Structures are given as structure tokens and as C-alpha cells.
Amino acid sequence: MLQSQLFIPTLKEVPNDAVVTSHVYMLRGGYIRALGAGIYSFLPLGYKVVKKICEIIREEMDAIGGQEFHLPALNPREIWEETGRVEAFGDTMFHVKNRDYVLAPTHEEIITYHARKVVNSYKELPQIWYQIQTKFRNEPRPRSGVIRGRQFLMKDSYSMDTSYETLDKSYLLHDEAYRKIFGRCGLKFFVVGASSGAMGGTGSEEFMVQSPAGEDTVAHCEPCGYAANVEVAISVIPSVRREPVSKDLYDISTPNVKSIDELCQFLNINERQTAKSRVYFANESPVLVLMSGNDEVNETKLEKAIGSGIRPAHPEELKDISGADAGSIGPIGFKGKIIADLRLKGGNNLISGANKNDFHTGGIDLERDVKNLEFADLRTVEAGESCPNCSKPLQVFTAIELGHIFKLGTKYSDSMGANYIDETGGEHPIVMGSYGIGVERVMACFIEQSHDEKGMIWSKALAPYHIHLLGLNLKKEHLLEASTQIYNQLKNAGFSVLFDDRIDAQAGVKFNDADLLGMPVQIIAGERKLAENKVEVKVRKTGERFDVEIISLNSFISGLLEKL
RNA sequence: CGGGGUGUGGCUCAGCCCGGUAGAGCGCCUGGUUCGGGACCAGGAGGCCGGAGGUUCGAAUCCUCUCACCCCGACCA
């Protein structure tokens, strides 16, 4: 392709709206342009990458027996009423104003609708139906460029089985296909077991990649593969020390000491000798949550332990409940439920708030002094703590969800009446699974993982073109001729090549654009090398450069691409 | 939805506090010089300053309302 004929509006400066790397480079490289918050147009280069990702997905889905559908984005609302998801999605679902339609945020209902009309017998199962299409969600806050948009491309597939045993097979097929897809795309990913949330069902896994643009915080152990959202992640840590003798309770005057750090500094003690208090409300009654030192309360775990929704107490409520303000609250004398983190189990000689301002209580022995104290895992895992599986240190970082696979079970087939007849004539709901991949996220995540200060660095699998041929100084006719000849030579040999044939762009401009656009191999045809019948070949990723005879260029490039 | 920020030529931004003929750099067009890491010289085009209303002799600038976009949070299949 001649670059002079391709629409690639590159930007030298960082557009004001872009913050995350992938967004910046996609914009600067002329891959995408914004149309509104969370709405993007894909320009020719960007769309080429999207199509490559789709093709990889298609191949792997077809390989497990998937059949591609093309489904409407415009859906009659009443179909969504059948499963109650109009209400479930709420404001996230787009509603059409002048007709009773919604814009599909996903397609379980539509698949199930067709299945109930078409699938009758166990003989017709299992099935895997998939689609790669635009979905619409009225995100309250689109962000990070293409990573969270109001309209986005998603591969969604749906499995239909006669039993949970065969569902497991379909699920496993997808699990394997997903590993292949993300592997082929060149992504470094990991898998998190997750609760299936509002999708319903019995099991699910998230495919994730580490990224500062991520929206989820996860704990990950690379050696053994343990990975969990930090909301539920666990780690192995030492409990607080129990000293041989429990002191009596005593008050300590601690004027203006509010935080654990201040307390430790004031008394010159270790944070493990302290118990931090946090007050929450559960069902309108106060609950004191005791944590060791500065450990963070994990509200997800707390809700689970208490068994109901919680909210933090407002600062102005604290004094009524405990007699003190935040910073001086503690378990001794606290009227109401108290729950402590497991790390504090057995702890004695602890220091905590005295429930009167500017005082702390020392010598607390939780077993002795706090009756009916419950313990639960309430803390948030921190980096460096030991993996619960293999004891190696855990990493904690943010990550982006690329794909999610669910065992749906019969949630949709039940509510929509999608049944099949078994061997004995009995009627049963179809057992379903659903499996999504965010296509643009694959692109964005790849860039997040593969870039440098100059621009993107594509892998062979996703690159819009494998080779970027830069003709330099093309105002000189003999140089234009020579580099055009090289272009034709490569093109005729079947290489995927973008030829920067712009007549008046300077060398520096071409170099910088090429690094920004990120094709894996650059071929630089400059005057000096051409005079020796040579060109320079540069590997984008490593910066390695080779002088190559034009006659042997084809085989050299083949060999090089083989290795990339 | 709460908090913060920003809207001025295609892009990045200055000007706003303290009202008085709308600016710079990059990009674009013309001519010339350069020609392997975003070059230089000369000339040129392009903006009713997000929108509406108000105050004023006069508003990019002050006031009110509104819209859009970005960031943090809430939410998130």
C-alpha cells in the first residue's frame, strides 16, 4: 500500500483528551478518532488491526465448532422484559425514543429467543453460536479511550447443551480457545476465577492483562498462576504476636493522635501492637471492625462476613455511637457488634482507641476483654504477601478484563422457555454458557503491553502491515524509482508492506511516523545504501539494524519475519 | 450521580484575575534553500473565543444558565 494514498492523520503532539498510553498512540498514529465520549471511529489503519483480531477469534471459534451469526443491534424491548433485564441493566441500557426498541448491550436474550424457536430435540445439541458485533452500553463514565466505551465491538458466543456435564465441555473448549486467541495476539494474560455476578450461573473465569489503565485490582502469583480480584484475594501472613503475660487494661493520654502512624510514632511501637477501629452500619446498627495496624478494611469481605449490606458510619455519627471521634475509637466499652480481622486472633497487649477523645487503651487482650468477638478475613491483600497456593510473594496490580467466560446454566432458557426434548420425551431447559471478548480491548491492551517512548510496537499477528518501507529523499527521481522498485519486489513476493512514498516528507518525519505506527520491520531506502545496492532493515522492537543487499532482501525479510 | 478541571484556527496552548482592534508554536498553502531522526528563509490562508441570556458605550475577559469533553470517586455484564 502506498502511504501517500492511505489516510493516516498522525499527530505530533498528545491530544488533550488522551491519558492512557494506548489511547494516546491510537490517536497520534491515526488509528482512531473520537466522535463523542466513549464513541470512536476506526480509521483505515485501526480497522485493519481490528479485522486481524476478529480473524484470529473467528479461526479459533470455528475450530471448536462455533457458528457465526449476525444479530440485530436493535431489539424489541419486550424480549428483554422476559428475563427482567431491562430493569437489571437500568440506565446502562440504551432505549430508542420513538419506538419500543432497545440497543443490545449483549445478546443472551436474542440467542435464547432463536433457540426456543429452532432447537427442539437433544439431537440438535450441543451448539455454539457466536457473533462479533457492536454492543451498546450507556456507561456512566466512559474512559481510557477504547477500553471503556459506550459502543464497542464484542465477540460473544453462547453454548447450548443438554446437561451440566456437557456444558463443562463447552466451557472448557472456550477456555482453551481463549488461551489460543490471546496467545496468538501476543498478549501476556492471566486468568482469574470470579463470581459470576449479575450474569447469573455457576462458574466463570476472567481473562485479564496487567495494565496501569486497568479498572480492577488483582493479586497475582506468576509462578503458580494464582490470581484473584483483590476484593476476594487471600494471602498467608503471620498473625499478631501473643505475649506470655497479658497486662491489665490502662489508659494512655494521646493528645491529637489520630492515625495509626501517629500512634506508633508517639508511643514508639510497631503497628502490629495496635488495633485500628472502623465503624460501619449494617441494617442500621453499628458494627465495630477491628483491623491490625494499618490493614485496610475490605468492604466486600466485610459484607460477606456480616451477611448484609454495609455502609461506613458518617463522622458525625461516631461520637453518638462510641463517645469519641475517629482516631480514638476502640473495642473496650463499645456497645454493639464487634468483628475483628483474623490477623488479630489471639492478640494481647494491644493498643486501641479508648472511646474518649485523645485517649487510647493499652493492654487489650481480645480473648479476655472482648466478649463474643467474631473473627473473619476482613483485610485487603497487599503486594509481597505470600501466595495461598505456593507461598511465593504475590504481586498486586491493576488489570483490564479482556474476556469473560460464564456457565449460565438455565437462567435464560428457564425464563424464556427455551427447552429441548430428551430421549424419553421429557422437556428440559437448555443448559447455556456465554463467553465474551472485548475486541478493541485486545487492541488497546496489546499497545499497553507493547510500546516504547516513540510509539506502538506491533506483533506480526496484529500489525496492519508487516513491513514499513521508507523511501527517503524521493524528490530525486532516481531514488523514487529505486525505492518503488523495492516496493514492487516485496509486494510481488507476497509481503504485507506499507510504502512511505510521500515525496516531500523529510527523513526525520518518516522515521518518527514509522516508529509511531509501529510496523514490526522497517526497511529504509536511503541514497547512500542504495548506491551500494543495499537497504537498511530495522527491527522496530529491538532497534537492531542490518544492511542488506537488495537481491537477497526477500529471503532476509522472510527469515526475519519468521523469528518475530 | 458527587468532587475537580478544561472548552480560544486542524493540534498544543497563551490571553481572562485587572473589559478596549484575537495571539504564539506546530500543521496547512505558495516560492526558494535543505535532504538519515519532526530543518530553514520569505510570503499567505484560516478563529463571530462551546452555546444562550445578561451587565456595559464596549465582553474571549464580569454575572446567570446551559452543553460538551477529561480526571478522581460511585457504578460496571
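Computed from a prediction, not measured in an experiment: that's the story for all the values here. Protein chains get the first letters and strands the later ones, always in sequence-line order, with residue 1 at the start of each.
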What nucleic acid atoms does [X] come within less than 4.0 Å of, heavy atoms only: base, sugar-phosphate, or nothing?
X: R33(A); result: nothing
X: T10(A); result: nothing
X: E139(A); result: nothing
X: K475(A); result: base

Interatomic distance, [X] [atom1] vs [N] [atom2] [rounded to whole Å]:
X: I523(A); N: G36(B); atom1: CD1; atom2: P; answer: 19 Å
X: D513(A); N: G36(B); atom1: CG; atom2: C1'; answer: 15 Å
X: Q522(A); N: G36(B); atom1: CD; atom2: C1'; answer: 12 Å
X: L480(A); N: C35(B); atom1: CG; atom2: C1'; answer: 15 Å
X: L27(A); N: C70(B); atom1: CG; atom2: C1'; answer: 13 Å
X: L472(A); N: A39(B); atom1: CG; atom2: P; answer: 14 Å
X: N512(A); N: A39(B); atom1: CG; atom2: C1'; answer: 13 Å
X: E527(A); N: C35(B); atom1: CD; atom2: C1'; answer: 9 Å

Give me the distance, rounded to whole Å, that separates [N] from [M] when you measure between the [atom1] atoms they each carry.
N: G15(B); M: C72(B); atom1: C1'; result: 29 Å
N: C17(B); M: G73(B); atom1: C1'; result: 31 Å
N: G23(B); M: G9(B); atom1: C1'; result: 11 Å
N: G10(B); M: G46(B); atom1: C1'; result: 10 Å
N: A68(B); M: G32(B); atom1: P; result: 49 Å

message: Determine whether the aromatic ring centres of residues Y31(A) and F42(A) are separated by less than 6.0 angstrom.
response: no
query: For the rings on Y158(A) and Y435(A), is their centre-to-centre separation under 6.0 Å?
result: no
- prompt: Between OH of Y280(A) and CZ of R278(A), what distance do you get to the nearest 0.5 Å?
  reply: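 Reported to 0.5 Å precision, the distance equals 6.5 Å.
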- request: State the CD-CD1 distance between Q127(A) and I111(A), to the nearest 0.5 angstrom.
  value: 10.5 Å
- line: Exactly one of N229(A), V192(A), V209(A), D216(A) clears side-chain contact (heavy atoms from CB on, under 4.5 Å) with E401(A), and that residue is D216(A)
message: Looking at the base of G36(B), is there any donor atom on it, or on the side chain of N473(A), that sits under 3.5 Å from an acceptor on the other one?
response: no
query: Could one point to a donor on the side chain of R545(A) or the base of G37(B) with an acceptor on the other under 3.5 Å away?
result: yes
- request: Between G145(A) and P105(A), name the one whose nearest nucleotide on RNA chain B is closer to the 5' end.
  value: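 Of the two residues, G145(A) wins.
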query: Which comes earlier along RNA chain B counting from the 5' end, the contact point of D17(A) or that of R528(A), where each point is its nearest nucleotide?
result: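 Closest to the 5' end, via its nearest nucleotide, is R528(A).
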query: OP1 or OP2 of G38(B) less than 4.0 angstrom from a side-chain nitrogen or oxygen of Q506(A), does that happen here?
result: no
message: Under the rule for ring pair (Phe, Tyr, Trp, His ring centres under 6.0 Å), what residues qualify as partners of Y47(A), not counting sequence neighbours?
response: none
Distances under 3.5 Å only, N/O to N/O: pair up the protein atoms with those of nucleotides 49-51 of chain B.
none

query: Who is the Watson-Crick or G-U wobble partner of G43(B), with both distances under 3.5 Å?
result: C29(B)
message: With a 3.5 Å distance limit and no angle check, can you tell me whether R540(A) reaches the backbone of Q522(A) through a side-chain donor-acceptor pair?
response: no
Summary of protein contacts for nucleotides 1-11 of chain B, nucleotide by nucleotide, where a base hit scores B, a sugar-phosphate-only hit scores S (4.0 Å, heavy atoms): ----------B
